[in-house]
Amino acid sequence: MVRVAGVLDQIHHGTKTPDASGLTPREVKKCLDDKIHEFAKKQYSCYNRSLIPSLRANGIIFKEINQLGGDQREFVNEYFDKVVFPVLTPMAVDTSRPFPLLANKSLNIAVRLTDTAGEEFFAVVQVPSILPRFIELPSGEGRVFILLEKIIEANLGQLFELYNIKQYDAFRITRDSDLDIDEDTEDLMAEIKKSIRKRKRGVPVRIEFCKKCNKEIRKFLLESYDVTDDEIYVQNGPLDLTFLSKFAHIKGCEHLCFEPIAPVNPPAEFYGYDDIFQAIREKDRLVHHPYESFDMVVQFVKQAASDPKVLAIKQTLYRVSGNSPIVAALIKAAENGKQVTVLVELKARFDEENNIQWANKLEKAGCHVIYGLTGLKTHCKICLIVRRDEDGIRRYLHMGTGNYNDSTARFYTDIGLFTCREEYGVDASSLFNVLTGYSFPPEYNKFIVAPHGMRTFFEAMIVHETENAKLGLSASITAKVNSLVDPQIISLLYDASNAGVKVDLIVRGICCLVPGVKGFSENIRVISVVGQLLEHSRIFRFENSGAPLYYMGSADWMPRNLDRRVELVFPVEDEDIKKRVDEVLTVMFKDTVNARRQLSDTSYKTVEKRGKKRLNCQKYFSKLALKAQKSAMKISYVNTVGTPVVPAQKNGEST
């Protein structure tokens, strides 16, 4: 919907300039088509040869209409009559009724009909997304399910009573969903709303058919849409396999799911503290999500909203949940008379509508809402709370690697740092002044902020390690990012490797660097960790000739993060937290369950397990958080043992 659509857009505009890989848009599209068709075949091979047999072995069976018994068929017919039929809208296609505008990613059924004279007609029936995609049937042979489209197909006769149904086939359209936003407009929100409406009518970039699709129906659909053969996907099974994820929430299927990773609450760092601000005044605090509860971040904002000593709250919001407690706390703070400033990024892809709704609610509550900077997405994660303490005004900060989203925080791994260090507070105020006003980007004390300064910072750090290696000093670079794409960063990492710098990279997704090439990148190791949770934190470590420097933040090593977004990377200065961050990196490189190593031919291979203990880093961090909490509980208990119990007084006497 976005990446392939972007390449198609370049082709349609006649762009022939090669990209960093040396390929023109048309050549890139050919490579993409080959790879994505290959992916689709693997996906359906997994579905048919692994998933369906595994479900069957666990008593879960999918059936076709012709496999149903009498009671099951009666159940299906009744379900169609009472639930499905009232929702359906058959749409005829003829000279007076043009082909309907079908929603992006919607599942539809194309029907070929003839009248009594033998004349041919076509119609489309949309499979209603408002109804469950699969229905459980009464059965004495385990649990039996049937897909909604199969029920509709079996009852099409009720929708077209005056016609003969010759063929019917399911199909699915994927549309270009990238927004084309004019940021020079006077009203950015109105422009984005207009673009969201256009998204529903985006140009088709893919049509999916089932393997047995009828020739006439296929011809009819291809005449209705301007797509090439490469954009047609013939799938060996039901279309849109995302319905399978719903089984994780069906009662009785719990034993087929991963054992949940439950966050500890409160984390060890905050155990025994009722006052979050007191805990932060004592020392910097790190919380590792989801092993340690995101609730600490929510409580940070909630406590600030009701604390009479808090004067102001400033926060960036990129993606928030549909029922965000963070936003509710900000609204409460404004109602309590706090000065609340919120930067809501309206251009967060596929969250635009959600963010517009929150922005409106925040404004109505009296918050100052900013919609970001022209030409840039604001992707940094920071919350600044200004409080009047006994010894003067103090700024409390939360900075993170992930969004202020309590929903995704349950399955994204992210790290948040709480601090009230003065230099960090000054930098935070300066950053918000840049975001909300016309301030020129300052010389920050501690922060590294894109797009002014982050690229030069990372390039200088890599060059510094390279120079240290040439001088015979200890030199290494360790980075954990979601993607490594930037050509200049990659080139400098190659130079570092050739100078003898040990480069260890954890890149979950796209990695355009090629490791392990003799005489070129042989000192570079790349692993990808893909497990039960989505790895999302960004961490950077530079050896610095024996005095390692640690940084965390919101930015990946991609041109968009370094050049076209407002991003924040911040140093870690607390020695205890440095050890924790170092442990995260060290343990991830020891993972033998979720890790894949990238080879010099760009393929990935499971890490060598021979002679190694089985280690799942995500399970390890979960146990580590629980162990730390228990240790904090013991310390808290020991500190209170022996404290005199003072009896309550009544009229001057003990009661």
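- Between Arg395 and Glu422 there is a salt bridge, since a side-chain N of the basic residue sits under 4.0 Å from a carboxylate O of the acidic one.
- Taking the six-membered ring for Trp, Phe270 and Phe418 have ring centres closer than 6.0 Å.
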Practice item. Please assess Tyr396 against Asp389 for the test side chain to side chain donor-acceptor pair (under 3.5 Å), listing each intermediate value before the final yes or no. Key: CA-CA 11 Å; Tyr396 295 83; Asp389 289 343; 2.5 Å; yes
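- Residue-environment remark: NZ (Lys283) exceeds the threshold of 12 foreign heavy atoms within 6.0 Å.
- Partners of Arg421 under the salt bridge (charged side-chain N to carboxylate O under 4.0 Å, His left out) rule, at least two apart in sequence or in another chain, are Asp284, Glu573.
- Salt bridge absent: Asp427 and Lys446 never bring a charged side-chain N and a carboxylate O closer than 4.0 Å.
- One side chain, Ser537 or Lys480, offers a donor N or O that lies under 3.5 Å from an acceptor on the other.
- Of all heavy-atom pairs between Val529 and Glu535, the closest is O-CG, 3.5 Å.
- Between Glu583 and Lys579 no salt bridge is recorded (no basic side-chain N to carboxylate O distance below 4.0 Å).
- Using a cutoff of 4.0 Å between basic side-chain nitrogens and carboxylate oxygens, Glu282 and Arg285 are scored as salt-bridged.
- The NE2 atom of His536 sits 5.0 Å away from the CG atom of Asn482 when rounded to the nearest 0.5 Å.
- Side-chain atoms of Gln598 do not come within 3.5 Å of backbone N or O of Ser528 as any donor-acceptor pair.
- Contact detail for Pro263 and Pro290: the closest heavy-atom pair is CB-O, 2.9 Å.
- Using a 30° and 60° split on the angle between ring planes, Trp557 and Phe458 fall in the perpendicular class, above 60°.
- Between Ser474 and Asn468 the shortest heavy-atom distance is O-CB, 4.4 Å.
- The closest side-chain donor-acceptor pair between Asn405 and Arg319, if any, does not fall under 3.5 angstrom.
- Within 6.0 Å of atom NZ in Lys578, more than 12 heavy atoms from other residues, nucleotides or ligands are found, so the atom counts as buried in its surroundings.
- Judged as a side-chain contact (heavy atoms from CB on, under 4.5 Å), and not counting sequence neighbours, the contacts of Gln303 are Asp275, Ile276, Phe277.
- When all heavy atoms are compared, the tightest approach of Ile462 to Ala496 is CG2-CB, 4.3 Å.
- A salt bridge does not link Asp582 to Arg580: none of the charged side-chain nitrogens sits closer than 4.0 Å to a carboxylate oxygen.
- For Asn323, the CG atom sits in a loose shell: 12 or fewer heavy atoms of surrounding residues, nucleotides or ligands are nearer than 6.0 Å.
- Note: Glu467 CD to Leu471 CG = 7.0 Å, rounded to the nearest 0.5 Å.
- Atom-to-atom distance recorded for Met454:CE and Leu562:CG is 7.0 Å, nearest 0.5 angstrom.
- Residues Leu376 and Arg565 form no side-chain contact, since every pair of their non-hydrogen atoms from C-beta on lies 4.5 Å or further apart.
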Practice item. Go through the steps to decide whether Asn523 and Lys502 satisfy the test side chain to side chain contact (heavy atoms under 4.5 Å, CB included), and finish with yes or no. Key: CA-CA 5 Å; Asn523 288 317; Lys502 185 170 180 268; 5.6 Å; no
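- Ring geometry, Phe300 versus His398: the interplanar angle falls from 30° to 60°, so the pair is classed tilted.
- Of the inter-residue distances, the one linking Asp574 atom CG with Thr419 atom OG1 reads 8.5 Å to the nearest 0.5 angstrom.
- Other residues, nucleotides and ligands place no more than 12 heavy atoms under 6.0 Å from the CD1 atom of Ile510.
- No close placement of the Phe542 and Tyr550 rings is indicated, their centers lying 6.0 Å or farther apart.
- Closest heavy-atom contact between Val320 and Tyr404: CG1-O, 3.4 Å.
- With a 6.0 Å radius and a threshold of 12 heavy atoms from other residues, nucleotides or ligands, Asp274 has its CG atom at or below the threshold.
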Output side-chain donor-acceptor pairs under 3.5 Å for residues 484-495, partner residues at least two apart or in another chain, one line each.
{"from": "Asp486", "atom 1": "OD1", "to": "Arg455", "atom 2": "NH1", "distance (Å)": "3.4"}
{"from": "Asp486", "atom 1": "OD1", "to": "Arg455", "atom 2": "NH2", "distance (Å)": "2.5"}
{"from": "Asp486", "atom 1": "OD2", "to": "Arg455", "atom 2": "NH1", "distance (Å)": "2.9"}
{"from": "Asp486", "atom 1": "OD2", "to": "Gln488", "atom 2": "N", "distance (Å)": "3.2"}
{"from": "Asp486", "atom 1": "OD2", "to": "Ile489", "atom 2": "N", "distance (Å)": "3.0"}
{"from": "Gln488", "atom 1": "OE1", "to": "Arg455", "atom 2": "NH1", "distance (Å)": "3.4"}
{"from": "Gln488", "atom 1": "NE2", "to": "Glu459", "atom 2": "OE2", "distance (Å)": "3.3"}
{"from": "Tyr494", "atom 1": "OH", "to": "Val514", "atom 2": "N", "distance (Å)": "2.9"}

Practice item. List the steps, then state whether side chain to side chain donor-acceptor pair (under 3.5 Å) holds for Gln629 with Glu292. Key: CA-CA 9 Å; Gln629 188 197 46; Glu292 297 172 311; over 6 Å; no
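- To the nearest 0.5 Å, the span separating CG on Leu534 from CZ on Arg410 amounts to 14.5 Å.
- The local environment of CD in Glu443 is sparse, with at most 12 non-hydrogen atoms from other residues, nucleotides or ligands closer than 6.0 Å.
- Aromatic ring centres of His289 and Tyr412 lie farther apart than the 6.0 Å criterion allows.
- A side-chain donor from one of Asp414 and Thr401 sits under 3.5 Å from a side-chain acceptor of the other.
- Around NZ of Lys609, the count of heavy atoms belonging to other residues, nucleotides or ligands within 6.0 Å exceeds 12.
- The backbone N or O of Tyr47 lies less than 3.5 Å from no partner atom in the side chain of Ser50, so there is not a single donor-acceptor pair.
- The distance between the ring centers of Phe570 and Phe447 does not fall below 6.0 angstrom.
- Here the closest heavy-atom approach between residue Thr456 and residue Gly453 is recorded as OG1-O, 3.0 Å.
- The aromatic rings of His379 and Tyr318 sit perpendicular to each other, their planes meeting at more than 60°, with 30° as the lower class boundary.
- Rounding to the nearest 0.5 angstrom, the gap separating the NE2 atom in His249 from the SG atom in Cys257 is 8.0 Å.
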